[in-house]
Each structure stands twice: as C-alpha cells, then as structure tokens.
Amino acid sequence: MSATSADDSLARLLAEPALEVAPRLLGSVFWSGRVGVRLTEVEAYHGQGQDPGSHAHRGRSARNGSMFEDAGTLYVYLSYGIHRCVNIVCGPEGYASGVLLRAGEVVAGLDEARSRRTTSRSPADLARGPGRLGSALGIELGDDGSRLVDDAPGQEARFRLRLPSAPLGPVAAGPRVGVSGHAGGDAFPWRFSLEGDPTVSPYRAAVSRRRGGA
DNA sequence: TAGAAGATAGGA
DNA sequence: CCTATCTTCTAG
C-alpha cells in the first residue's frame, strides 16, 4: 500500500492557481486536531497586482508574509480585530495566492467545537462564516505559517486535509463576501459554495464605513 | 504620527 | 439594521 499517493494528489492540487483550487476544496474535511470540518464555502484570492481584494495585492507586508510561502502553508490573520480567519496558500511559490475557508459543517469533535462557540444556536452555526470556522477549529494567530498535510492514517500533524472521495452536488459561484475593489461587483466571482447547504454563510456586500457623516 | 478601512459576528 | 473591536496599512 502506498501512503504517498494521496499526499501527492493534495500537493498537486495545491500547486494549481487559486481559482482552480478553490472549488475543488469543497467537500473536503479540514482537520485541526480532533475537530473536522467539511468545507462548504471558500473564496479564491490571487496575488500581488492581480486582485484588488487580496491582502497580497500591494505586496508583502508584516501580516501577509505567509501568503508568499509555498503551497500548503496556512495564512492566518486577525479580522476586524477579533476573528481569526484561515487561508490555504496555493499556486506557484511566491505568487501569494490562497483560498479562504469561509464555512463548513462540523463532522467530528462536535463537543470541542461547541465549547469554543458558545454563542451558536444550532449545529449549522458552528462554522458558518470564516471567523466562526476559525473559532470552532481553535485557530490562533500563532498558527500562521503552519503546514497543511494530507490526512493519512498515522499522520500526526495538527492540520490535515482529506479530499472528497465522492462527486459533489452542484457548486454555486458568485462575488466574494465583504470585499471591496470590485468594479461592478461581479468582476471577481470567486466565491464557491455547495448549493443549498445550510452551513453556507449569507452574502454581504463590502461595508462602507460612515462615521459622523460627511 | 494620525486616520480610515477592513476577506466579521452578534444583538436589537 | 447597527455597532463592538483593534490591527494593519497608507498618507502626510
């Protein structure tokens, strides 16, 4: 039995551009220790100068350094000063593209996820939205730059990914959530989700901050 | 050094 | 619908 074939397929997938990788991550189970989340919603972000919505658009900075690492690195950042969001870096090394994990269904470690997400009112709420997903998985800022490996028997790494073994249902594509810099809104339909899944987060346009008026 | 915006969540 | 929350980035 070859234990490396599955590992190779994950590495091969993550070497592709983010726009190819993102929809193909749907249905995978992302593991953080004993908690597993089946991904139902993701977004693709491209690299420097390619994508005005990307944290890497204006080049490398203190925050986004891990986006410039090789495929399979995790990019974790603090969102709105509160939430920890997770990306899987993909594409050619140095291209700084990645896939934001936006939502999923908790399929293992339910008690642990629940204890971290005490405000959730239903199982579908546990990881519906990128901040909630990060919280349910116990992601911390110190996890930025961690490696993601294939979830194979005997694999002891904390962060693992199991690609789907069966075909998925229909995939929906649309504009990314809360991202400005879109000319008309549909210039970057790089959000992908499993159609009709209850754990997919609702769409919201980018917030325009209005404080104290004009 | 200062100001504004940001890949959100939760509550009214 | 509104606001808490605070880091990061950009301009001056």
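Keep in mind the model is a prediction, meaning the values are calculated, not measured. In what follows, chains are A, B, ... by sequence order, proteins preceding strands, each numbered from 1. Just so it is clear, the values below take in all heavy atoms, side chains as well, and ignore hydrogens, waters and symmetry mates.
- Look at CG on Leu133(A): it is 10 Å from P on dA9(B), rounded to the nearest Å.
- What separates NE2 of His55(A) from C1' of dT8(C) is a distance of 9 Å, to the nearest Å.
- Closest to the Leu78(A) side chain, of the nucleotides dC9(C), dT7(C), dT8(B), is dT7(C).
- Between Arg132(A) and dG10(B) there is a side-chain polar atom (N or O) within less than 4.0 angstrom of OP1 or OP2.
- Proximity note for Val177(A) (side chain, C-beta onward) versus dG10(B), dA7(B), dT8(B): the nearest is dT8(B).
- Straight-line distance from the CD atom of Glu43(A) to the P atom of dA7(B): 10 Å, rounded to whole Å.
- Which of dA7(B), dT7(C), dG6(B) sits closest to the side chain of Ser180(A) comes down to dG6(B).
- Residue Arg84(A) is classed as having no contact, given no heavy-atom separation below 4.0 Å to the nucleic acid.
- No side-chain donor-acceptor contact under 3.5 Å links Glu93(A) to the backbone of Phe68(A).
- Atom CZ in Phe188(A) sits roughly 14 Å away from atom C1' in dA7(B) (whole-Å rounding).
- Using a 4.0 Å heavy-atom distance criterion, Ser61(A) is classed as a sugar-phosphate-only contact.
- Base pairing annotation: dC2(C) forms a Watson-Crick or G-U wobble pair with dG10(B), both donor-acceptor distances under 3.5 Å.
- Looking at Arg204(A), its side chain has no donor and acceptor atom pair within 3.5 Å of the base of dA7(B).
- When the C1' atom of dT8(B) is taken as reference, atom CZ of Arg176(A) falls 16 Å away, rounded to whole Å.
- Look at CZ on Arg58(A): it is 12 Å from P on dA7(B), rounded to the nearest Å.
- For Ser54(A) (side chain) and Ala56(A) (main-chain N/O), a donor-acceptor pair under 3.5 Å exists by modelled atom type.
- Both the sub-6.0 Å distance and the 45° axial angle are not jointly satisfied by Arg38(A) relative to the ring of Phe30(A).
- At least one side-chain nitrogen or oxygen of Thr119(A) sits closer than 4.0 Å to the OP1 or OP2 atom of dG10(B).
- Side-chain atoms of Arg176(A) do not come within 3.5 Å of backbone N or O of Gly174(A) as any donor-acceptor pair.
- Side chain His83(A) to base dA9(B): no donor-acceptor pair is found below 3.5 Å.
- For the pair Arg116(A) CZ and dA9(B) C1', the computed distance is 18 Å after rounding to whole Å.
- Base engagement by Ile82(A) is indicated by at least one non-hydrogen atom pair under 4.0 Å involving a base atom.
- Remark: C1' of dA7(B) and CD1 of Ile88(A) are 15 Å apart, rounded to the nearest angstrom.
- Checked against the 6.0 Å centroid threshold, Tyr77(A) and His55(A) count as a close aromatic pair.
- Summarising the base pairing, dG3(B) is matched to dC9(C) through a Watson-Crick or G-U wobble pair whose two defining distances lie under 3.5 Å.
- Proximity note for Tyr80(A) (side chain, C-beta onward) versus dG10(B), dT7(C), dG6(B): the nearest is dG6(B).
- Side chain of Glu41(A) to backbone of Ser201(A): a donor-acceptor contact under 3.5 angstrom is found.
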